[in-house]
**Q** 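Before we start, here is the structure in question, set down as structure tokens.
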Amino acid sequence: MTGGPQRSDAQRNRERILEVALVELSRSPDVPLTVIAKKAGVGQGTLYRNFPNREALVLEVYRHEVQQLTDHAAELLKTREPDQALRIWMDHLARFIMAKTGLAEALRQAAGATGGPEPSGYSLVFGSIESLLNANHEAGTIRPGVTADDFLLAIAGIWQIDIRGDWHAKTTRLLDLVMDGLRTGAPGRH
């Protein structure tokens with residue numbers, strides 16, 4: 001590759017590989033790459049052209065998920081009211097957390113194989129939280145003084161939810177409760 005933009009079909013193949021890899025690696029960190037390629041509808045050569053080894057694929061799946069999460073926060077702030085943007089983004093964060101929980105073992109294995117630390121998207125996600133909270137403070141839609149640290153502590157229960165159960169209903173309920181708490185005492189609410 002030349003480093004320039006990929007052809008649209010090559011980009012679609014790459015995106016499809018990442019989507020399938022997220023699902024399959026979340027189920028089993030040892031899933032054969034041939035299974036991922038087959039389910040993505042691409043040949044092994046296409047998979048290896050994009051990701052030369054398992055570790056590269058696992059790390060890119062994680063990086064891709066973090067990037068989508070942070071990009072989505074910025075997009076929501078452009079298209080929605082701040083409190084709506086925050087609540088919608090919280091659902092995306094919950095899905096990200098559930099995906100990372102499933103990917104945790106694959107990430108540990110990849111980090112061990114590359115000799116590096118596990119990847120961390122924490123600073124990017126933290127920055128998105130700060131942007132969303134700042135927009136809400138400016139709009140008066142959440143109580144004053146809520147920090148990104150406060151927010152993370154408030155949603156920490158997500159990490160206790162079993163991903164094998166009905167995690168979506170449980171996270172929705174938890175995040176609705178958190179959002180109700182954030183709105184209580186907001187200067188713009190009567």
**Q** Take Arg87 and Asp91, measure what salt bridge (Lys or Arg N to Asp or Glu O under 4.0 Å) needs, and give me the verdict at the end.
**A** CA-CA 7 Å; Arg87 182 59 189 88; Asp91 286 330; 2.8 Å; yes

**Q** Taking all atoms of both residues into account, what is the closest heavy-atom pair of Val125 and Trp89, and its distance?
**A** CG1-CH2, 4.0 Å

**Q** How long is the span from the CG atom in Leu182 to the CD1 atom in Ile155, to the nearest 0.5 Å?
**A** 10.0 Å

**Q** Taking atom CG of Leu22 and atom CZ of Arg27, what is their separation to the nearest 0.5 Å?
**A**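 Atom-to-atom, Leu22:CG and Arg27:CZ are 10.0 Å apart.
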
**Q** So if you build clusters from Ile, Leu, Val, Met, Phe, Trp, Tyr with side-chain heavy-atom gaps below 4.5 Å, do Ile129 and Leu153 land together?
**A** no

**Q** Does a side-chain heavy-atom distance below 4.5 Å link Met90 with Phe151?
**A** yes

**Q** Within a strict 4.5 Å, meaning less than it, do heavy atoms of the Gln67 and His64 side chains meet?
**A** no

**Q** How long is the gap from CG on Leu76 to NE2 on His92, to the nearest 0.5 Å?
**A** 6.0 Å

**Q** Do Thr171 side-chain atoms and His168 backbone N/O form a donor-acceptor pair below 3.5 Å?
**A**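 Side chain of Thr171 to backbone of His168: a pair is present.
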
**Q** Can you list the steps and then say if Asp9 with Arg12 is a side-chain contact (heavy atoms from CB on, under 4.5 Å)?
**A** CA-CA 5 Å; Asp9 60 332; Arg12 278 192 303 276; 3.6 Å; yes

**Q** Counting C-beta onward and ignoring hydrogens, is there a side-chain heavy-atom pair between Val146 and His137 closer than 4.5 Å?
**A**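 The answer is yes, as the side chains (C-beta and beyond) meet within the 4.5 Å cut-off.
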
**Q** Would you sort out whether Leu69 and Leu93 count as a side-chain contact (heavy atoms from CB on, under 4.5 Å), showing the intermediate values?
**A** CA-CA 7 Å; Leu69 184 65; Leu93 178 62; 3.8 Å; yes

**Q** Main chain of Val31, side chain of Arg54: is a donor-acceptor contact present, judged purely on distance under 3.5 Å?
**A**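 Yes.
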
**Q** Please check if Val23 and Ile36 belong to a single hydrophobic cluster, counting links between Ile, Leu, Val, Met, Phe, Trp and Tyr side chain heavy atoms closer than 4.5 Å.
**A**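 Val23 does not cluster with Ile36.
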
**Q** Pairing donors with acceptors under 3.5 angstrom, does anything connect the side chains of Ser131 and Asn134?
**A** no

**Q** State whether Lys170 and Asp166 are salt-bridged, where the test is any N-O pair (Lys NZ or Arg NE/NH1/NH2 against Asp/Glu carboxylate O) under 4.0 Å.
**A**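 Here Lys170 does not pair with Asp166 in a salt bridge, since their nearest N and O are not under 4.0 Å apart.
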
**Q** Report yes if some heavy atom in the side chain of Met179 is under 4.5 Å from a heavy atom in the side chain of Asp83; otherwise report no.
**A** yes

**Q** Rounded to the nearest 0.5 Å, what separates atom CG in Leu77 from atom NE2 in His72?
**A**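 If I round to the nearest 0.5 Å, the distance is 10.5 Å.
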
**Q** Distance check, rounded to the nearest 0.5 Å: Gln44 atom CD versus Arg49 atom CZ?
**A** 11.5 Å

**Q** Kindly give the heavy-atom pair with the smallest separation between Leu174 and Gly157, and that separation in Å.
**A**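 Heavy-atom minimum between the residues: CD2-C, 3.9 Å.
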
**Q** Side chains of Tyr48 and Leu33: closer than 4.5 Å at any heavy-atom pair?
**A** yes

**Q** Can you tell if the side chain of Leu57 reaches within under 4.5 Å of the side chain of Ile17, non-hydrogen atoms only?
**A** yes

**Q** For the residue pair Leu132 and Ala73, what are the closest heavy atoms and their distance?
**A**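 It is CD1-CB, 4.0 Å.
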
**Q** Does Asn136 use its side chain to pair, donor to acceptor, with the backbone of Thr141 at less than 3.5 Å?
**A** no

**Q** With a 4.5 Å cut-off on side-chain heavy atoms, are Trp167 and Ile158 touching?
**A** no

**Q** Other residues, nucleotides and ligands only: do more than 12 of their heavy atoms fall within 6.0 Å of CZ on Arg95?
**A**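 Yes, CZ of Arg95 has more than 12 neighbouring heavy atoms, counting only those of other groups under 6.0 Å.
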
**Q** I'd like to know if Leu177 and Trp159 are part of one continuous hydrophobic network [Ile/Leu/Val/Met/Phe/Trp/Tyr, side-chain heavy atoms within less than 4.5 Å].
**A**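 No, Trp159 and Leu177 fall in different hydrophobic clusters.
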
**Q** Side chains of Arg173 and Asp176: does their closest heavy-atom pair fall under 4.5 Å?
**A** no

**Q** Any salt bridge linking Glu19 with Arg16? Criterion: basic side-chain nitrogen under 4.0 Å from a carboxylate oxygen.
**A**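 Salt bridge flag = yes for Arg16 with Glu19.
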
**Q** Considering non-hydrogen atoms only, spot the tightest contact between Phe51 and Ala56 and give its length.
**A**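 Taking Phe51 first and Ala56 second, the nearest heavy atoms are CD2-O, 4.1 Å.
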
**Q** Would you sort out whether Thr184 and Ile142 count as a side-chain contact (heavy atoms from CB on, under 4.5 Å), showing the intermediate values?
**A** CA-CA 7 Å; Thr184 300; Ile142 63 172; over 6 Å; no

**Q** For Pro187 and Pro144, work out which heavy atoms get closest and say how close.
**A**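 Nearest pair, atom of Pro187 first, then Pro144: CD-CD, 4.0 Å.
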
**Q** Hey, what do you get for CG (Asp71) to CD (Gln68), rounding to the nearest 0.5 Å?
**A** 8.0 Å

**Q** Can you name the closest pair of heavy atoms from Ala94 and Leu175 and give their distance?
**A** CB-CD1, 3.9 Å

